[in-house]
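No hydrogens, no waters, no symmetry mates; every other heavy atom, side chains included, goes into these values. Reminder, nothing fancy here: chain letters follow the sequence lines and each chain counts from 1.
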Amino acid sequence: MKIAVLMKDVPDLVEDLEVEDGALPLDEMSFVPSEWDDQALEEALLIKEEDGADVTAVAVDTGDVDTMLYTALAKGVDRAVKIVGDFSRSLTNRQRAQLLARYCQNERFDLILTGVQAIDDLDGQIAGLVAGLMGIGHASVVRDVHVAQDRVRFVQEYSGGKMAEFDLACPALLGIQAARKPPRYVTIAKVRQVQKSAEIDEVEDSVGETPVVTVRRLYKPESGGHAEMWGDDVETVANHIVAILEEKKLLRG
Amino acid sequence: MGHILVVAELENGRVSDPSRELITKARELGEQVNRPVAVAGFGPAAADALQNLDADDAYVVKDDLLAEYHPELAEAALLNILQNPTDLVLVPNTTMGMDLGASVAARRNWSMVAYCTDLAIDGETVVARSQVYGGKLAAEVEVPLTGAVVTVIPGSWPSDGRRGSPTMHEVSAPSALNMTRRRVIEADAGNDVDITRADILVSVGRGIQDPDNLELAEELAAALGGMVSCSRPVVDAGWLPRSRQVGKSGKTVKPKVYLALGISGAPEHLQGMKDADLIIAVNSDANAPIFDVAHYGATADMLELMPILTEKLQGRAG
Ligand SMILES: Cc1cc2nc3c(=O)[nH]c(=O)nc-3n(C[C@H](O)[C@H](O)[C@H](O)COP(=O)(O)OP(=O)(O)OC[C@H]3O[C@@H](n4cnc5c(N)ncnc54)[C@H](O)[C@@H]3O)c2cc1C
Ligand SMILES: Nc1ncnc2c1ncn2[C@@H]1O[C@H](COP(=O)(O)O)[C@@H](O)[C@H]1O
């Protein structure tokens, strides 16, 4: 079974998101692999360990994606591929999906896994977009993926804890919500070591026309209300909590 | 002129609240730009459920297999319905929306906006507000009125409850070719506590950092006479059972007090708790979106706070 894992990196939410002139200064920000893509990668590696599979990690080169791909190699993927061209950090998901779909079409993967969503997919999730462009069977909000011959079996989460188990013929694309196990960890030393011995394959491409979504502005939401803040001193905060619960007659005893 | 089409979901034979919200908005937008409203529904209960909605046309696909969501069939059915002139498609951002929104947009070569929380018309353009970066930022975007799919976060605006009598159309169900549903797995009733019945919830997120720290939350919950609940990553890490999860794919809770500790307040979490009577949030990041729905907040360290608060509560009771 030939599996692709589509990965992208996203701004690190640990850092302040300072909007400048209605946009994020993407070139100055730090990026981390999208957490759901990490889950997809883990699920692919578990499938490989369970049934044997040839796993390729794929990313579009919108900046420094090398560390993400070397990390995937260090974790155990067979191959890492970077789609290179004139792409900036502001590449839309739609453009990204077009590049990924074209690559996947050429490579004839049996199974394509990617994250169910990413924090920045304003114009659609990669999973649905790539599946739609390729016209292949797909499902999102998925976990517990197992393969057998040319079929894949998985669980899709509906809502409120209800789920269903499906069986789908390959080629198939699944948007992964969570892997069976928390994503494995590799040390930086291991990644460095891989960086010396392994190579990232490069595939050249360029973006064509895609339907557009025009961003008028990006801003911190002016919320309907904001919490009354009690500061950061734990003693004070604890006293406030006790007082408010007491006032609302919610304390026992 | 094409329809504004709402793809509705059924819950226990009734059109879901998020779908009703979309019908209200579709009508509001439709009146402004002179477009009829259509609604699509799937499964044997769809005809009954859709017949008194405030829409001009209703498209139902009666297939028994669609009594529960089936990704392949629902997509094929929706593509059939889209043979009718359609300008704008609204879908709730549920599993169905996450599944079908982007793929249908891609197949039709239409624009797509995800995580929408508000919609308006400006000339012949649809202006959508969308929640991005885990709810930390909002984006105001334009898509053409003709040829766009928008997935909307449930609860973004109220439904007006208006009724109507749409012209009913039965659409033939395609047959499933590649995908089989083997079984439906009902939510695990389990033998764990039922967090939806708690008056006080001590809810922990990724800020708990280590499963060993859960003891601090249990002690605090005991001192308050409440229960421990959590965000999704805590469940995915295997630290608490799924029955404790609050949010879109977990439980919806409405306790008297919701103490959110180390929870950022992603839209999927807020969906399950934003209607709690009193929300107190503790998060070291002053910009965490949880503070937008909380009544009181503190930028304290939850791990330091929990034992101190427990001690104060115990001292008071004793
Ligand atoms: C289809 C789908 C369904 C989903 N369903 C759900 C759902 O039902 N429920 C749900 O919760 N999520 C759900 N999610 C996931 C959701 O998108 C978020 O990833 C999740 O809610 C984040 O959980 P969190 O707030 O605990 O973690 P994070 O977003 O990582 O936030 C952790 C917070 O803890 C704070 N923190 C860290 N250390 C401390 C400390 N010592 N003291 C105080 N604060 C600290 C940080 O500042 C941060 O804000 C779903 C996602 C998808 C795609
Ligand atoms: N199409 C499939 N995809 C994945 N796993 C399968 C498939 N068919 C069977 N299996 C696995 O084979 C075992 C027996 O399957 P069954 O008897 O069909 O329930 C189970 O462990 C299944 O997970």
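Between the side chains of B:Tyr115 and A:Gln125, at least one donor N or O sits under 3.5 Å from an acceptor N or O. Side-chain contact, B:Asp236 with A:Gln177: no donor N or O sits under 3.5 Å from an acceptor N or O. No hydrogens or angles considered: nothing links the side chains of B:Glu72 and A:His138 as a donor-acceptor pair under 3.5 Å.
With a 4.5 Å cut-off on non-hydrogen atoms, B:Val127 touches chain A through its side chain but not through its backbone. Of the atoms belonging to B:Leu224, heavy atoms from both backbone and side chain fall under 4.5 Å from chain A. For A:Leu24, the part sitting under 4.5 Å from any heavy atom of chain B is the side chain, from C-beta outward, and nothing else. Only the side chain of A:Ile244 has a heavy atom closer than 4.5 Å to any heavy atom of chain B. Using a 4.5 Å cut-off between heavy atoms, A:Ala97 makes no contact with chain B at all. For B:Ser111, the parts lying near chain A are the backbone and the side chain together; criterion is any non-hydrogen pair under 4.5 Å. Looking at B:Gln271, neither its backbone nor its side chain comes within 4.5 Å of chain A, counting heavy atoms on both sides.
In this structure, NZ on B:Lys256 lies 12.0 Å from CG on A:Leu245, to the nearest 0.5 angstrom. One finds the CD atom of A:Glu165 at 12.0 Å from the CZ atom of B:Arg181 (value rounded to the nearest 0.5 Å).
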Intermediate values then yes/no, salt bridge (Lys or Arg N to Asp or Glu O under 4.0 Å), B:Lys312 and A:Glu235 = CA-CA 10 Å; B:Lys312 281 187 197 289; A:Glu235 275 289 333; 2.9 Å; yes
Would A:Leu17 and B:Asn287 count as a side-chain contact (heavy atoms from CB on, under 4.5 Å) if you check the C-alpha gap in whole Å, the side-chain angles of each, and the deciding distance to 0.1 Å?
-> CA-CA 9 Å; A:Leu17 299 178; B:Asn287 292 319; over 6 Å; no
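Ion pair A:Lys162/B:Glu11 not flagged as a salt bridge, since none of the NZ, NE, NH1 or NH2 atoms sits closer than 4.0 Å to an Asp/Glu carboxylate oxygen. Contact check on A:Glu35 versus B:Arg206 returns a salt bridge, with a Lys/Arg side-chain nitrogen under 4.0 Å from an Asp/Glu carboxylate oxygen. Between A:Glu157 and B:Arg232 there is a salt bridge, since a side-chain N of the basic residue sits under 4.0 Å from a carboxylate O of the acidic one.
Pairing each heavy atom of A:Leu129 with each of B:Ala106, the nearest pair is O-CB, 3.5 Å. What you find for A:Gly124 and B:Met112 is that their closest heavy atoms are CA-CG, 3.5 Å. For A:Pro221 against B:Gly135, the heavy-atom pair with the smallest separation is CG-O, 3.9 Å. When all heavy atoms of A:Gly160 and B:Ala187 are compared, the closest pair comes out as O-CB, 3.4 Å. A pairwise comparison of heavy atoms in A:Val234 and B:Asp301 identifies CG1-O, 4.0 Å as the closest pair.
The stretch residues 7-14 of chain A places A:Pro11, A:Leu13 near chain B, each with some heavy atom under 4.5 Å from a heavy atom of that chain. Contact annotation for residues 209-217 of chain A against chain B (heavy-atom separation below 4.5 Å, listed by residue number): A:Pro211, A:Val212, A:Val213, A:Thr214, A:Val215, A:Arg216, A:Arg217.
Taking the six-membered ring where the residue is Trp, A:His226 and B:Phe291 present tilted rings, their angle falling between 30° and 60°.
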